[in-house]
Student: 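My questions all concern the structure below.
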Amino acid sequence: MTEAYPDSATELYSKVRLYCWVMTHPGNIETKAVAVWKTWGRRCNKIDFVTTKPTNLVPAVVVSVPEGYSHLTKKSVQAFNYTYHHYLNEYDWFLKVDDDTFVIAENMRYLLSKYSPSDPIYHGYLFKTLVKQGWYSGGGGYVLSREALRRLVEDGFRGSRCNFDNPAEDVSIAKCLENVGVKTADSRDQLGQERFHPLSLWTHLSGEYPNWMYPIAVHELRKGLTCCSDVSVTFHYIQPNEMYIYYYLIYHLRPHGLRNTLLPNNNGNPSNIETIKSSSPDDNAF
């Protein structure tokens with residue numbers, strides 16, 4: 001797949017409709033969830049925070065599941081069920097992330113604009129164990145096409161093709177998606193650099209990966225500036241104060257006299273990409 005001159009961020013906002021739901025819990029609402037809501041969260045076409053108690057601080061979907069790691073799969077099942085029943089035909093792509101994940105929604109739409117929401121596919125950072133076609137990191141986020149969400153609920157949740165006895169929600173959902181014919185996709189850019197990141201930016205830059213990651217990562221673990229795509233879409237393990245730092249650096253700080261570039265085109269020259277507007281109506285919220 002060749003990276004070509006993209007549509008503007010404004011055009012893609014309308015063409016690639018992105019629904020985001022964030023896994024959180026009552027103890028994180030005032031810190032992590034609020035930080036997401038006041039920064040990148042408003043750049044989704046629609047965002048909800050899935051929790052177990054009502055709140056007025058963020059847009060919330062309340063599910064009836066006990067809190068705790070062992071219940072994350074059930075929490076995800078209820079969240080995807082809610083998403084299916086309320087938004088299946090209103091949006092094109094459906095992103096699940098944690099409340100300590102930073103998302104660059106414009107880059108997400110740019111990636112997804114190359115694919116059809118009618119195809120049974122999903123994207124994320126791929127691991128190669130436990131599931132035949134692999135599974136995507138829940139912390140790094142994974143995004144389902146409309147058809148993938150339809151199959152997950154109609155053929156998976158309602159049928160007998162999936163079981164959810166694994167508390168690791170990303171593995172359980174991946175197994176179900178595989179069973180209903182949803183395929184993984186190569187989410188890297190044309191230089192082979194990752195767009196989804198299950199760890200913090202510093203971890204990827206420094207190459208200080210945990211030992212458990214080496215045998216299960218599908219692609220080479222890189223460090224330095226080649227660790228991560230220039231059009232990366234997610235980073236994980238971001239603290240609330242860092243959410244505001246990331247947001248400022250990505251959407252506000254600009255080196256004078258330099259133009260944004262994307263990736264080399266077929267001629268080896270960088271393709272220009274429209275600079276994202278430095279402010280939005282909600283930028284003064286924090």
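It should be emphasised that the depicted structure is a prediction, and the values quoted were computed from it without experimental measurement.
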Student: To the nearest 0.5 Å, what is the distance between CH2 (Trp202) and CD1 (Ile238)?
Tutor: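 Reported value, rounded in 0.5 Å steps: 13.5 Å.
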Student: For the residue pair Tyr251 and Tyr247, categorise the inter-ring angle as parallel (less than 30°), tilted (30 to 60°) or perpendicular (more than 60°).
Tutor: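 If you compare the ring of Tyr251 with that of Tyr247, the planes turn out tilted.
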Student: Just so I know, are the side chains of Leu152 and Leu144 near enough to count as touching, which here means a heavy-atom distance under 4.5 Å?
Tutor: yes
Student: In the single-linkage hydrophobic clustering (I, L, V, M, F, W, Y; side-chain heavy atoms under 4.5 Å), do Trp40 and Tyr237 co-cluster?
Tutor: yes
Student: Judged by atom type as modelled, is there a donor-acceptor pair below 3.5 Å linking the side chain of Glu178 to the main-chain atoms of Lys175?
Tutor: no
Student: Can you find a heavy atom in the side chain of Arg161 that is under 4.5 Å from one in the side chain of Cys176?
Tutor: no
Student: Checking Ser113 against Leu12 for the side-chain contact (heavy atoms from CB on, under 4.5 Å) test, could you report, in this order, the C-alpha distance in whole Å, the side-chain angles of both residues, the deciding distance, and whether it holds?
Tutor: CA-CA 8 Å; Ser113 67; Leu12 287 181; 3.9 Å; yes
Student: Which atom names give the shortest non-hydrogen contact between Phe94 and Arg146, and what distance separates them?
Tutor: CE1-CA, 3.7 Å
Student: Considering only heavy atoms from C-beta outward, does the side chain of Thr234 approach that of Met108 to under 4.5 Å?
Tutor: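 Yes, their side chains come closer than 4.5 Å.
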Student: State whether the side chain of Asp189 and the backbone N or O of Gln193 hold a donor-acceptor pair below 3.5 Å, judged by distance alone.
Tutor: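 Indeed, once roles are kept as given, a pair shorter than 3.5 Å links the two residues.
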Student: Honestly curious: do Val58 and Val62 fall in one hydrophobic cluster under the side-chain, below-4.5 Å linking rule?
Tutor: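 Not linked; separate clusters.
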Student: Quick check: do Phe49 and Ile47 have side-chain heavy atoms less than 4.5 Å from each other?
Tutor: yes
Student: So do the side chains of Tyr82 and Tyr87 get within less than 4.5 Å of each other, counting heavy atoms only?
Tutor: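 Touching, per the 4.5 Å side-chain cut-off.
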Student: Looking at Arg222, Arg188, His219, which one forms a side chain to side chain donor-acceptor pair (under 3.5 Å) with Glu194?
Tutor: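 Considering Arg222, Arg188, His219, a side chain to side chain donor-acceptor pair (under 3.5 Å) with Glu194 is found only for His219.
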Student: Ignoring hydrogens and angles, state whether a donor on the side chain of Glu106 or Tyr13 is under 3.5 Å from an acceptor on the partner side chain.
Tutor: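 Checked: Glu106/Tyr13 side chains show no N/O donor-acceptor pair below 3.5 Å.
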Student: Does His197 use its side chain to pair, donor to acceptor, with the backbone of Leu199 at less than 3.5 Å?
Tutor: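 No, because the side chain of His197 does not come within donor-acceptor range (under 3.5 Å) of the backbone of Leu199.
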Student: Nearest 0.5 angstrom please: Leu111 CG to Asn107 CG, how far?
Tutor: 9.0 Å
Student: Answer with yes or no after comparing the ring centroid distance for Trp21 and Phe80 against a 6.0 Å cut-off, counting only values under it.
Tutor: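 That pair passes the under 6.0 Å test.
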Student: Looking at Arg195 and Val233, would you say the former's side chain and the latter's main chain have a donor-acceptor pair under 3.5 Å?
Tutor: no
Student: Strictly distance-based, threshold 3.5 Å: is any side-chain N or O of Thr73 a donor or acceptor partner for the main-chain N or O of Ser172?
Tutor: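 Side chain of Thr73 to backbone of Ser172, a donor-acceptor pair under 3.5 Å: no, none is there.
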Student: Treating Arg109 as the side-chain partner and Val16 as the backbone partner, does any N or O pair qualify as donor plus acceptor under 3.5 Å?
Tutor: yes
Student: Of all heavy-atom pairs between Arg17 and Ser14, which one has the smallest distance, and what is that distance?
Tutor: CG-O, 3.6 Å
Student: Answer with yes or no after comparing the ring centroid distance for Phe102 and Tyr246 against a 6.0 Å cut-off, counting only values under it.
Tutor: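 Judged by ring-centre distance (under 6.0 Å), Phe102 and Tyr246 do meet the cut-off.
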Student: Return all side-chain donor-acceptor pairs below 3.5 angstrom for residues 50-57, not counting sequence neighbours, or 'none' if the list is empty.
Tutor:
| unit_1 | atom_1 | unit_2 | atom_2 | d |
| --- | --- | --- | --- | --- |
| Thr52 | OG1 | Glu67 | OE2 | 2.6 |
| Thr55 | OG1 | Leu57 | N | 3.1 |

Student: In Å and rounded to the nearest 0.5 Å, what is the NE2 to CD distance from His86 to Glu90?
Tutor: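 Going from NE2 on His86 over to CD on Glu90, the span is 9.5 Å.
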Student: Could you check whether atom NZ of Lys74 has more than 12 heavy atoms from other residues, nucleotides or ligands sitting under 6.0 Å from it?
Tutor: no
Student: Out of curiosity, Ile250 CD1 to Arg43 CZ, how far, rounded to the nearest 0.5 Å?
Tutor: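 Those atoms lie 9.5 Å apart.
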Student: Could you tell me the separation between the NZ atom of Lys46 and the OG1 atom of Thr83, rounded to the nearest 0.5 Å?
Tutor: 10.5 Å
Student: Enumerate, atom names and distances included, each donor-acceptor pair closer than 3.5 Å involving a side-chain atom of residues 127-142, sequence neighbours excluded.
Tutor:
| unit_1 | atom_1 | unit_2 | atom_2 | d |
| --- | --- | --- | --- | --- |
| Gln133 | OE1 | Thr184 | N | 3.4 |
| Gln133 | NE2 | Val182 | O | 2.8 |
| Trp135 | NE1 | Thr129 | O | 2.8 |
| Tyr136 | OH | Tyr122 | O | 3.2 |
| Tyr136 | OH | Ala185 | N | 2.8 |
| Tyr136 | OH | Ala185 | O | 2.7 |
| Ser137 | OG | Gly139 | N | 3.4 |
| Ser137 | OG | Gly140 | N | 3.0 |
| Tyr142 | OH | Glu169 | OE1 | 2.8 |

Student: Are Asn81 and Arg158 close enough that a side-chain donor and a side-chain acceptor fall under 3.5 Å?
Tutor: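 Short answer, no.
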Student: Is any side-chain heavy atom of Asp92 closer than 4.5 Å to a side-chain heavy atom of Leu112?
Tutor: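 Asp92 does not reach Leu112 side chain to side chain.
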Student: Rounded to the nearest 0.5 Å, what's the gap from CG on Asn179 to SG on Cys162? Could you check?
Tutor: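 If we round to the nearest 0.5 Å, Asn179:CG and Cys162:SG are 5.0 Å apart.
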Student: Just by modelled atom types, is the Thr101 backbone N or O under 3.5 Å from a matching donor or acceptor in the Asp98 side chain?
Tutor: no
Student: So, do Tyr125 and His236 have ring centers that fall under 6.0 Å from each other?
Tutor: no
Student: For Cys228, what residues pass the disulfide (SG to SG under 2.5 Å) criterion, not counting sequence neighbours?
Tutor: none
Student: Taking it one step at a time, do Leu95 and Tyr19 satisfy side-chain contact (heavy atoms from CB on, under 4.5 Å)?
Tutor: CA-CA 6 Å; Leu95 172 66; Tyr19 173 76; over 6 Å; no
Student: What do the steps show when you test Ser76 against Met23 for side-chain contact (heavy atoms from CB on, under 4.5 Å), and what is the final call?
Tutor: CA-CA 8 Å; Ser76 290; Met23 180 86 77; 3.1 Å; yes
Student: Do you know which two heavy atoms are closest between Val36 and Asp99, and how far apart they sit?
Tutor: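 Looks like CG2-O, 3.6 Å.
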Student: Heavy atoms only: give me the nearest Cys44-Ala105 pair and the separation to one decimal.
Tutor: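 In terms of heavy atoms, the two residues are closest at N-CB, 4.4 Å.
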Student: Taking the side chain from Glu242 and the backbone from Gln239, do they hold a donor-acceptor pair closer than 3.5 Å?
Tutor: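 At least one qualifying donor-acceptor pair exists.
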Student: Taking the six-membered ring for Trp, are Tyr115 and His123 parallel (under 30°), tilted (30 to 60°) or perpendicular (over 60°)?
Tutor: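 Perpendicular.
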Student: Could you tell me whether the side chain of Trp37 and the main chain of Asp48 form a donor-acceptor pair under 3.5 Å?
Tutor: no
Student: In terms of side-chain geometry, is the basic nitrogen of Arg150 or Glu147 positioned less than 4.0 Å from the acidic oxygen of its partner?
Tutor: yes
Student: So which heavy atom on Met213 is nearest to which on Pro198, and how close?
Tutor: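 Looking at all heavy atoms of both residues, the shortest contact is CE-CG, 3.7 Å.
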Student: Can Thr203 and Ser200 be counted as having a side-chain donor-acceptor contact under 3.5 angstrom?
Tutor: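 Their side chains do contain a donor-acceptor pair, which is all the 3.5 Å distance test asks for.
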Student: For residues Leu249 and Arg254, report the shortest heavy-atom separation together with the two atoms involved.
Tutor: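 Looks like O-NH1, 4.4 Å.
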Student: Donor-acceptor check, side chain of Ser229 to backbone of Val231, threshold 3.5 angstrom: yes or no?
Tutor: yes
